[in-house]
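Computed from heavy atoms alone, side chains included, the values below leave out hydrogens, waters and symmetry copies.
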Amino acid sequence: MRSELRAVWLDGRTVDLSLNGGRIARIRPVPGPATAMVLAPLVDAHVHLDKTHATHRIAGRPAGLFAAIEAAAADKAYWTPADLRARATRALAEAEAHGIAALRTHVDWSEPARPRAWDVLGELAVEWRGRVSVQRAALVPLDLLGDPDHGPGIAAEVAATGGVLGAFVYRNADLAAKLGRVFALAARHDLLLDFHVDEGLEPEARGFDAIVALTARHGLSGRVLCGHGCALSVRPEAEVLRVLDAAARAGVALTVLPTTNGYLQDAKPGRTPRLRGLAPMQEARAAGMDVLVALDNVRDAFYPYGTYDLLDAWRLAVLGGHLVPEDWLDAITRLPARALGLEEARLVEGAVADFVVLDAGAPADLVSQARGRIDVWREGVPIAADAPEQVPA
């Protein structure tokens with residue numbers, strides 16, 4: 001099948017794209033402004049499909065991160081297989097419709113036994129193969145995963161079921177020893193690592209530093225991803241620049257999560273927040289780190305708004321981080337694909353014609369036009385995504 005997209009923005013140029021047989025046959029520069037944009041398929045490295053679309057059951061607004069953790073824990077009473085499946089299926093349909101081709105979902109693993117959500121999301125990963133690639137990352141409290149009696153069994157389960165090993169790390173007692181056990185487990189089972197780390201505004205939080213040091217010690221460059229890093233926003237600047245430089249040399253990547261962090265950090269009733277918890281994105285990239293942007297929570301105790309539109313999070317990151325839009329599109333395409341161990345899509349002649357087409361002439365327009373049309377193309381053909389299955393909003 002032959003088709004052509006005329007006057008589209010691609011990697012900073014206005015081009016005509018000729019497609020044939022499901023591949024990009026020709027890219028031809030043309031004069032004048034672009035009328036649409038073409039991006040590689042979007043990849044979201046950090047979501048929570050087990051918690052999503054549950055705001056109808058969350059009473060009031062949790063006042064900060066740990067209140068949200070308590071509210072989400074209480075909601076688990078409703079997490080039957082049917083409930084988990086319905087909410088996650090809606091999320092995946094929204095993700096597909098918004099051009100997300102792959103995502104990593106963190107899954108709460110708060111007891112030694114494998115959680116029900118892990119198996120339900122594993123079933124959905126199989127069912128959605130070829131539409132949205134789904135990875136599962138175990139989100140285990142560090143005190144549990146770093147426990148020598150329980151951590152080995154959890155890591156073995158994660159390895160046996162094709163998952164990623166992860167932990168919630170925040171000012172834990174005996175933090176270095178527990179993290180050391182986690183890294184040893186990852187090395188033993190050849191597992192990728194993904195941490196929720198320093199998700200707060202206490203400058204003494206140093207989990208990120210310990211993860212960087214252990215990554216270098218174990219030679220795990222490109223296999224460790226850190227999400228949040230809010231405490232880096234309030235630590236002394238010289239100190240932060242040193243640890244970011246060390247992280248770049250160690251090969252640690254950083255996921256920035258502007259929606260949830262902006263909503264929960266420095267949250268006090270009746271008071272405008274002063275601190276937003278946005279990790280130092282520009283400094284991390286300048287140091288040489290891969291910096292990603294992800295959605296995190298959607299309509300749950302941690303963030304009660306949104307849909308699975310990754311460009312929404314990217315716009316907030318651009319505005320909150322004072323980013324140059326065209327320089328940061330790889331934070332939702334190529335770099336998260338690399339962090340997830342996936343092939344990085346390259347829109348070049350001869351490549352498979354998988355991409356998204358956006359109703360915008362340039363990256364700055366994506367910031368200005370928050371609800372522009374998005375069309376998802378697979379093998380040179382636009383697809384009609386399923387309407388999301390509705391659960392109570």
Side-chain angles (χ1 to χ4, degrees), residues 45-51 65-66 69-70 72-73 76 79 84 104-122 125 134-200 204-229 231 247 250-255 339-341:
H46 188 126
V47 300
H48 293 265
L49 295 183
D50 54 350
K51 299 182 176 79
L65 173 64
F66 291 96
I69 290 173
E70 292 178 5
K76 290 180 182 179
W79 290 13
L84 287 159
R104 175 179 288 172
T105 178
H106 294 264
V107 184
D108 277 17
W109 195 312
S110 54
E111 298 177 356
R114 191 167 77 209
R116 176 182 294 157
W118 187 264
D119 294 327
V120 172
L121 294 175
V134 178
Q135 291 185 2
R136 293 168 297 167
L139 177 53
V140 190
L142 180 60
D143 291 344
L144 177 61
L145 189 57
D147 186 316
D149 294 327
H150 298 302
I154 293 171
E157 287 271 14
V158 171
T161 51
V164 173
L165 196 60
F168 179 85
V169 180
Y170 194 64
R171 301 174 67 197
N172 302 72
D174 204 17
L175 183 146
K178 291 171 183 172
L179 273 174
R181 296 186 194 109
V182 171
F183 271 80
L185 291 171
R188 182 186 308 167
H189 294 285
D190 193 27
L191 291 168
L192 298 177
L193 285 165
D194 196 331
F195 295 99
H196 285 57
V197 59
D198 298 344
E199 191 178 352
E204 64 270 21
R206 295 290 191 277
F208 182 77
D209 307 50
I211 290 167
V212 167
L214 284 162
T215 302
R217 187 179 308 162
H218 286 267
L220 294 180
S221 177
R223 299 181 62 82
V224 179
L225 183 55
C226 287
H228 297 290
V252 174
L254 174 67
T255 307
L340 269 56

When you measure from the side chain of [X] to the backbone N and O of [Y], does any donor-acceptor pair fall under 3.5 Å?
X	Y	value
Arg104	Asp194	no
Trp118	Val120	no
Asp108	Ser110	no
Arg223	Gly251	no
Arg136	Gly163	no
Thr105	Leu49	yes
Gln135	Val164	no

Any side-chain heavy-atom pair of [X] and [Y] under 4.5 Å:
X	Y	answer
Leu214	Val224	no
Leu121	Leu84	no
Thr215	Phe183	yes
Val182	Leu165	yes
Arg114	Val107	no

- Message: Below 30° counts as parallel, above 60° as perpendicular, anything between as tilted: where do the rings of His46 and His228 land?
- Response: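 Correct class here is perpendicular.
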- Message: Under 4.0 Å between a side-chain nitrogen and a carboxylate oxygen: does that hold for Arg116 and Asp50?
- Response: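 Answer for the salt bridge query: no.
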